[in-house]
Amino acid sequence: MRDWWQDLTDLVLPAECGGCGRPRAVLCARCRGALSGAGPCRVRPVPEPAGLPPVHAAARYADEVRATLLAHKERGALALSRPLGEALADAVRAGLRAARTPCAGDGGPSAGPRPVLLVPVPSARRAVRARGHDPARRIAYAAAGELRRSGVPVRVLSALRQRRDVADQSGLGSRQRLANLAGALTVTRGCERLLSAGRVVLVDDLMTTGASLAEAARAVRGRAWAPAPDPGSGSSISGPAFVYRGETGERRGEQRNGPVQQRAGRRSGRPSGTAGAEGAEGITDVMCAAVVAASPDAFEISRN
């Protein structure tokens, strides 16, 4: 009877903390503090990919935070989605405040009729099949619930999908990741108009080089892309290279393909003086991006 009761409680109660392994806690107080205690910060990877929107992260990707994200992503500790969603919600709020966008629930004015759209960066299809879930999407739904409870009009819009297979990102450098992901994402059919109806915030569980968020921003903004040779890029990735043919003139690696048009923002590609979700040419804009965690080096943003 005792063993039967132990097995039953293990189904209902967590066996151990996702961050440190302490028994009988989804996430202990110490690990919750590591995840959300310091408050979200603006982060920038080095080098910073062209077209990357302003990104806020709740925590550094190290120690307990790293263990928590891996437990949720790789070991199916789905109960962790709630505290991870709470941390992501804090990062979303920080991003909206930095973009000077009204955000209900933190002392600002009402957010108005246009909702915040949390757009998760999609995982590779094979990874979703292997894990049995999409971690970023699951955390995005938890974050949306937390934001709604504080009065923010928000919805999750899974508007992006992979248009081609990509190589495993582990072990790739920043230039190689940019090349690997260039042109890999596209907006799901039928979501274009939905994207233009709200304030788009890209969300993910983790940012390391920023390549995934930069590619997601390109896809949401409606940038065109086309295969092109890229001699001299220095990348060791084999296979076709891609070049963006949008306003940022970004190309594989960190090089440029022609001058940047003045109407594009230096960091986010946003036309100057606008804060809306749609540019003058009908291109959906990205307000900002938010992640649960980022590499520790990305927090060193005092450099200019």
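Side chains included, hydrogens not; waters and symmetry mates left out as well; all remaining heavy atoms used.
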Are any of the side-chain nitrogens in Glu86 or Arg32 under 4.0 Å away from the carboxylate oxygens of its partner? yes
For a 4.5 angstrom cut-off between non-hydrogen side-chain atoms, does Leu147 reach Val92? yes
By side-chain hydrogen bond (donor to acceptor under 3.5 Å, both in side chains) - contacts of Ser123 (at least two apart): Asp134
For Arg114, does its backbone N or O pair with a side-chain atom of Arg199 as donor and acceptor, under 3.5 Å? yes
Restricting to pairs with a member in residues 23-45, which pass ring-ring contact (aromatic ring centres under 6.0 Å, His included), not counting sequence neighbours? none
Quick one: side chain to side chain contact (heavy atoms under 4.5 Å, CB included) partners of Arg189, sequence neighbours excluded? none
Once side-chain hydrogen bond (donor to acceptor under 3.5 Å, both in side chains) is applied, do any residues pair with Thr188, and if so which ones, sequence neighbours excluded? none
Whether Arg125 side chain and Gln162 backbone form a donor-acceptor pair below 3.5 Å: yes
How close do Leu194 and Leu117 get, heavy atom to heavy atom, and via which atoms? O-CD1, 3.3 Å
Listed partners of Asp205 passing salt bridge (Lys or Arg N to Asp or Glu O under 4.0 Å), at least two apart: Lys73
Within a strict 4.5 Å, meaning less than it, do heavy atoms of the Pro122 and Ser158 side chains meet? no
Can you check whether Gly33's main-chain N or O pairs, donor with acceptor, with Ser36's side chain at less than 3.5 Å? no
Mind listing the closest non-hydrogen atom pair of Leu202 and Pro53 along with its distance? CD1-CG, 4.3 Å
Leu118 vs Leu157 side-chain heavy atoms within contact, under 4.5 Å: no
Taking atom CZ of Arg22 and atom SG of Cys31, what is their separation to the nearest 0.5 Å? 7.0 Å
Flag side-chain contact, heavy atom, 4.5 Å: Arg148 against Val154: yes
Take Arg93 and Ser150 through the side chain to side chain contact (heavy atoms under 4.5 Å, CB included) test and state the conclusion after the steps. CA-CA 10 Å; Arg93 291 190 192 97; Ser150 65; 3.2 Å; yes
Note: Val119 and Val200 closest approach over all heavy atoms is CG2-CG1, 3.9 Å
We want to know whether Arg161 and Thr186 form a side-chain donor-acceptor pair, criterion being a heavy-atom distance below 3.5 angstrom. no
Could I get the full list of side-chain hydrogen bond (donor to acceptor under 3.5 Å, both in side chains) partners for Ser295, not counting sequence neighbours? none
Leu52 reachable from Phe299 in the ILVMFWY side-chain graph, under 4.5 Å edges: yes
Quick one: closest heavy-atom pair of Ala91 and Pro40, and the distance? CA-CB, 3.8 Å
Heavy-atom nearest pair, Cys17 first then Cys28, reads SG-N, 3.3 Å
Solution key, residues 55-72 side-chain donor-acceptor pairs under 3.5 Å, sequence neighbours excluded:
| from | atom 1 | to | atom 2 | distance (Å) |
| --- | --- | --- | --- | --- |
| Glu64 | OE2 | Arg30 | NH1 | 2.9 |
| Glu64 | OE2 | Arg30 | NH2 | 2.9 |
| Thr68 | OG1 | Glu64 | O | 2.8 |

Under the side chain to side chain contact (heavy atoms under 4.5 Å, CB included) test, which residues partner Ala38, sequence neighbours left out? none
List for me each residue that meets side-chain hydrogen bond (donor to acceptor under 3.5 Å, both in side chains) alongside Arg82, sequence neighbours excluded, and say none if there are none. none
I'd like to know if the side chain of Glu192 and the backbone of Gly190 have a donor-acceptor N/O pair within less than 3.5 Å. yes
Where at least one partner belongs to residues 146-166, residue pairs that pass ring-ring contact (aromatic ring centres under 6.0 Å, His included), sequence neighbours excluded: none
Tightest non-hydrogen contact, residues Gly19 and Leu27, listed as N-CD1, 3.7 Å
Within 6.0 Å of CZ in Arg193, more than 12 heavy atoms from elsewhere: no
Just jot down the salt bridge (Lys or Arg N to Asp or Glu O under 4.0 Å) partners of Arg131, sequence neighbours excluded, or say none. Glu74
Taking Val291 as the fixed residue, which of Asp204, Val203, Val121 is the one that meets the side-chain contact (heavy atoms from CB on, under 4.5 Å) rule? Asp204
After noting the C-alpha distance and the side-chain angles of Val46 and Thr209, does the key distance pass the side chain to side chain contact (heavy atoms under 4.5 Å, CB included) rule? CA-CA 7 Å; Val46 181; Thr209 65; over 6 Å; no
Output the distance between atom OG1 (Thr208) and atom CG (Leu206), rounded to the nearest 0.5 Å. 5.5 Å
